[in-house]
Amino acid sequence: MNRLKLKKQLNSSDQCVKFIWETSDSHQIESLVVIWDDFMSHFCSSTHVGCNLNCKMCATSNYPYVRPLQWSEIADQYIQMFDLLTPTTLDNQWHFDSIGEPLNNYEELVKAMNFVRDTIDEDLYCSISTVGVAPKIRQLADNKLHIKLQVSLHAADNETRNALIPINRIYPLEELMSSLDYFSEVTGTWVRLNYTMIKGVNDERTDLENLINLLRDRDIILTLASYNPIPNINLSKSPIEKRDLFKEELENNGIITVVFDSLGLNIEAGCGQLLSPY
Ligand SMILES: C[S@@+](CC[C@H](N)C(=O)[O-])C[C@H]1O[C@@H](n2cnc3c(N)ncnc32)[C@H](O)[C@@H]1O
Ligand code: SF4
């Protein structure tokens with residue numbers, strides 16, 4: 001088993017712990033745990049050293065891409081964090097949502113998840129956050145792995161999404177949404193969509209109308225998230241009034257909508273901040 005060496009553990013002011021690891025070939029990856037209460041923690045793990053998808057808003061795109069992680073390196077993040085932090089397995093969750101696009105390392109991720117379920121917690125709740133690798137979303141549905149799906153949407157028209165998330169040029173919105181409909185139908189579960197609101201980029205009235213048209217009558221839950229600042233990236237957070245307006249109008253159109261602000265900002269552990277210079 002390929003083990004990771006713990007280089008640093010950072011505790012935020014708001015119940016978040018970030019772990020910086022060194023791989024056996026001397027690369028750096030990061031993971032984090034959000035400790036909600038005595039019984040529930042969210043473990044968030046990386047699937048790659050760096051990420052080659054170059055999303056405009058993400059700190060990871062500032063860092064050179066190296067390689068996918070082996071299954072044991074993915075599993076070891078959970079095993080070591082679990083040993084260091086939690087005395088109980090009650091209601092923990094494992095999210096593949098840190099560095100890298102999890103569906104581009106599908107086989108190793110599944111081996112890691114099976115290993116942790118076999119050795120620590122057979123009922124472990126697991127979820128994947130993807131920018132939308134549509135054929136792999138269909139495979140995930142077919143394989144019936146009991147894994148929840150979250151999709152980083154961030155735009156409801158192809159032009160805006162192409163600019164933010166380049167893989168949209170390969171799997172445009174029509175193909176992505178059709179794979180999500182397939183996932184919901186086959187697994188009987190709802191997909192969670194993440195929409196990070198960025199000032200002047202995806203928070204205008206036309207964006208809201210596009211979002212309503214795209215999501216109405218689908219089995220999804222939408223999260224409106226705040227943009228977290230990243231050094232060297234010239235984007236900023238949308239005003240809170242815009243988020244309130246989006247939420248109200250989306251809900252008026254029958255779309256279940258929640259709002260989310262990342263924890264761990266003071267240790268660069270918020271969504272999209274991993275591998276920010278610390
Ligand atoms: C870093 S990604 C990792 C998982 C996967 N690669 C993905 O993109 O879904 C986790 C989430 O952070 C979001 N994100 C990226 N940059 C962000 C930023 N600056 N502020 C808030 N969220 C951001 C991503 O879009 C995604 O929803
Ligand atoms: S948002 Fe996700 S897919 Fe995009 S660069 Fe960051 S880690 Fe990679």
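All values below were derived from every heavy atom in this structure, side-chain atoms included, with hydrogens, water molecules and symmetry-related copies excluded. Indexing begins at 1, ligand by ligand and atom by atom, following the structure's order. If you're wondering where the values come from, they're calculated on a predicted model, not measured in any experiment.
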Look at [atom] and say which protein heavy atom is nearest, naming residue and atom and giving the distance to 0.1 Å.
atom                    : result
atom 11 (C) of ligand 1 : C271 CB, 4.2 Å
atom 6 (N) of ligand 1  : G100 O, 2.8 Å
atom 4 (Fe) of ligand 2 : C55 SG, 2.4 Å
atom 7 (C) of ligand 1  : S152 OG, 3.5 Å
atom 10 (C) of ligand 1 : D97 O, 3.5 Å
atom 15 (C) of ligand 1 : G272 CA, 3.5 Å
atom 20 (N) of ligand 1 : N228 N, 2.9 Å
atom 4 (C) of ligand 1  : S129 O, 3.5 Å
atom 3 (C) of ligand 1  : S98 O, 2.9 Å

Practice task
Report the C-alpha distance between E268 and K18 in whole Å, list the side-chain angles of each, state the deciding distance to 0.1 Å, and finish with yes or no for salt bridge (Lys or Arg N to Asp or Glu O under 4.0 Å).
Solution key: CA-CA 9 Å; E268 315 278 4; K18 175 159 107 169; over 6 Å; no
By number and element, which atoms of ligand 1 are closer than 4.0 Å to a non-hydrogen atom of [X]?
X    : result
C58  : 15 (C), 16 (N)
T130 : 9 (O)
I230 : 19 (N)
S226 : 21 (C)

Exercise for the section: Out of V131, N194, L164, indicate the one that has the non-hydrogen atom closest to atom 8 (O) of ligand 1. Expected result: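 Nearest heavy atom to atom 8 (O) of ligand 1 lies in V131.
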Handout entry: Matching residue for I20 among Q9, K5, K8 - test: side-chain contact (heavy atoms from CB on, under 4.5 Å)
Key =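 It is K8; the other options fail the test.
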Handout entry: Residue that, paired with T23, satisfies side-chain contact (heavy atoms from CB on, under 4.5 Å) out of R67, Q28, Q70
Key =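 Testing T23 for a side-chain contact (heavy atoms from CB on, under 4.5 Å) against R67, Q28, Q70 leaves exactly one candidate, R67.
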Handout entry: F82 with L124, same ILVMFWY side-chain cluster at under 4.5 Å
Key = yes
Problem - M57 N/O under 3.5 Å from ligand 1 N/O - result: yes
Ligand 1 contact on [X] by region, counting heavy-atom pairs under 4.0 Å:
X    : answer
T60  : neither
A59  : neither
H154 : side chain
P229 : neither

Exercise for the section: Please find out if atom 4 (Fe) of ligand 2 and some N, O or S atom of C58 are separated by less than 2.8 Å. Expected result: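 It does not; every qualifying atom lies at 2.8 Å or beyond.
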Exercise for the section: Mark up the atoms of ligand 2 that fall under 4.0 Å of a heavy atom belonging to G100, in ascending order. Expected result: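 It comes down to these atoms of ligand 2: 7 (S).
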Practice task
Give the atoms of ligand 2, by number and element, whose distance to some non-hydrogen atom of C51 is under 4.0 Å.
Solution key: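 Close to C51: 3 (S), 5 (S), 7 (S), 8 (Fe).
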Flag, side chain of [X] to backbone of [Y], donor-acceptor distance under 3.5 Å:
X    : Y    : result
N253 : I255 : no
D76  : S72  : no
N228 : G270 : no
K242 : E204 : no
S61  : C55  : yes
S41  : I35  : no

Problem - Distance under 6.0 Å and angle within 45° of ring axis: K237 vs Y227 - result: no
Exercise for the section: Determine, step by step, whether Y125 and W94 satisfy the ring-ring contact (aromatic ring centres under 6.0 Å, His included) criterion, reporting the C-alpha distance in whole Å, the side-chain angles of both residues, the deciding distance to 0.1 Å, and the verdict. Expected result: CA-CA 6 Å; Y125 174 111; W94 194 12; over 10 Å; no
Handout entry: Side chains of T223 and N194, donor plus acceptor under 3.5 Å
Key = no
Exercise for the section: Give a yes or no on whether H48 keeps an N, O or S atom under 2.8 Å from atom 8 (Fe) of ligand 2. Expected result: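 Checking H48: none of its N, O or S atoms is under 2.8 Å.
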Exercise for the section: Taking atom NZ of K148 as the centre, report whether more than 12 heavy atoms of other residues, nucleotides or ligands fall under 6.0 Å from it. Expected result: no
